[in-house]
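As structure tokens, the structure follows; a few thoughts come after it.
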Amino acid sequence: MARQNFVGIVVSQGKMQKTVKVRVERKVFNKRINKELLSRKDYLVHDENEISKEGDMVRIESTRPLSKWKSFAIAEILKNKGQQFAHFESMAKTDVYKEETMKSKEFLDKRQKQTEMDSNMIKDIRSLQMIYNQNKDGNSLSAEQMEELQKIKAKYSIEEFSPNSLKKLLNLNLMDIESDLETQKDKIDIIQKNLEVLLKDDAKSFDFLKDHGVEDPNALQKNIRKNLIRKYLFKEMQL
């Protein structure tokens, strides 16, 4: 008697030792409605060497009962799609790691640069304070102090030396931060508007993704397309 053979897709792997779940789909004719229907059945299948991966198309063959629920074993792997998925997953993890490493480096460099700027600013404030106190006590400024005062004025665009100079100097960074925040907010608003426009028109969104290296945007789910479009828009705006 010939052994039973089925062709199916591995839908679960790695949860049990030497065992995978294979989904077999067959067409069954229903006499009641006089129509062929698609029937699905899941089998627990023995995989001795644990070589099959989720997504593989395999041929399974009946064997002696290996356990209460397992009486089939993998005879051959017809299409090794699971290995390709595992390779793509590994590549994606590598790309994500590289991107995160690059962003971390940029963040640390930016923070170090900001720390250096803050340190220089504190030095300038202390110098101005010393000069102001000396001038307040009626002592004349030396040539070096006058030169340093001129450099600080030129550096922070301070025209006259007065008590308000310190306040102005302290407010410079806050003004720069507010300006940067406004700029970032404007960029994010532009990205949101462009994203809404692209999501409303499938043709435009497909062309946009193809221009950025996505081969078949139509095969992607809507939420994945949205995330990819947002990612490339942020890259274009250098955020």
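The hydrophobic cluster containing Val10 does not contain Met16, counting ILVMFWY residues as joined when their side-chain heavy atoms lie under 4.5 angstrom apart, directly or transitively.
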In residues 188-201, what donor-acceptor pairs under 3.5 Å come from side-chain atoms, sequence neighbours left out?
| from | atom 1 | to | atom 2 | distance (Å) |
| --- | --- | --- | --- | --- |
| Asn194 | ND2 | Ile190 | O | 3.3 |
| Asp201 | OD1 | Ala203 | N | 3.1 |

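Under the 30°/60° scheme for interplanar angles, the aromatic rings of His212 and Tyr232 are found to lie parallel.
Between the Thr101 side chain and the Glu99 main chain, no donor and acceptor come within less than 3.5 Å of each other. Under the 3.5 Å distance criterion, the side-chain polar atoms of Asp56 are left unmatched by any main-chain donor or acceptor of Ile77.
Side-chain atoms of Lys70 and Thr19 include a donor-acceptor pair closer than 3.5 Å.
The list of ring-ring contact (aromatic ring centres under 6.0 Å, His included) pairs with a residue in residues 46-65, not counting sequence neighbours, is empty.
When side chains are defined from C-beta on, Phe206 does not count as touching Val214, because their heavy atoms never get closer than 4.5 Å. Between Ile60 and Tyr43 there is a side-chain heavy-atom pair separated by less than 4.5 Å.
Ion pair Lys18/Asp47 not flagged as a salt bridge, since none of the NZ, NE, NH1 or NH2 atoms sits closer than 4.0 Å to an Asp/Glu carboxylate oxygen. Ion pairing of Glu61 with Arg59 is present here, as a side-chain N (NZ or NE/NH1/NH2) and a carboxylate O approach within less than 4.0 Å.
No more than 12 heavy atoms of other residues, nucleotides or ligands lie within 6.0 Å of NZ in Lys21, so this atom counts as exposed by the packing criterion. Around atom CZ of Phe29, more than 12 heavy atoms belonging to other residues, nucleotides or ligands sit under 6.0 Å away. Around atom CD of Glu48, more than 12 heavy atoms belonging to other residues, nucleotides or ligands sit under 6.0 Å away.
Tested against Val7, the residues Val58, Leu78, Val22, Val24 include a single side-chain contact (heavy atoms from CB on, under 4.5 Å) partner, Leu78.
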Exercise. Go through Gln4 and Phe6 one step at a time and tell me if the side chain to side chain contact (heavy atoms under 4.5 Å, CB included) criterion holds.
Key: CA-CA 7 Å; Gln4 279 186 307; Phe6 298 114; 3.9 Å; yes
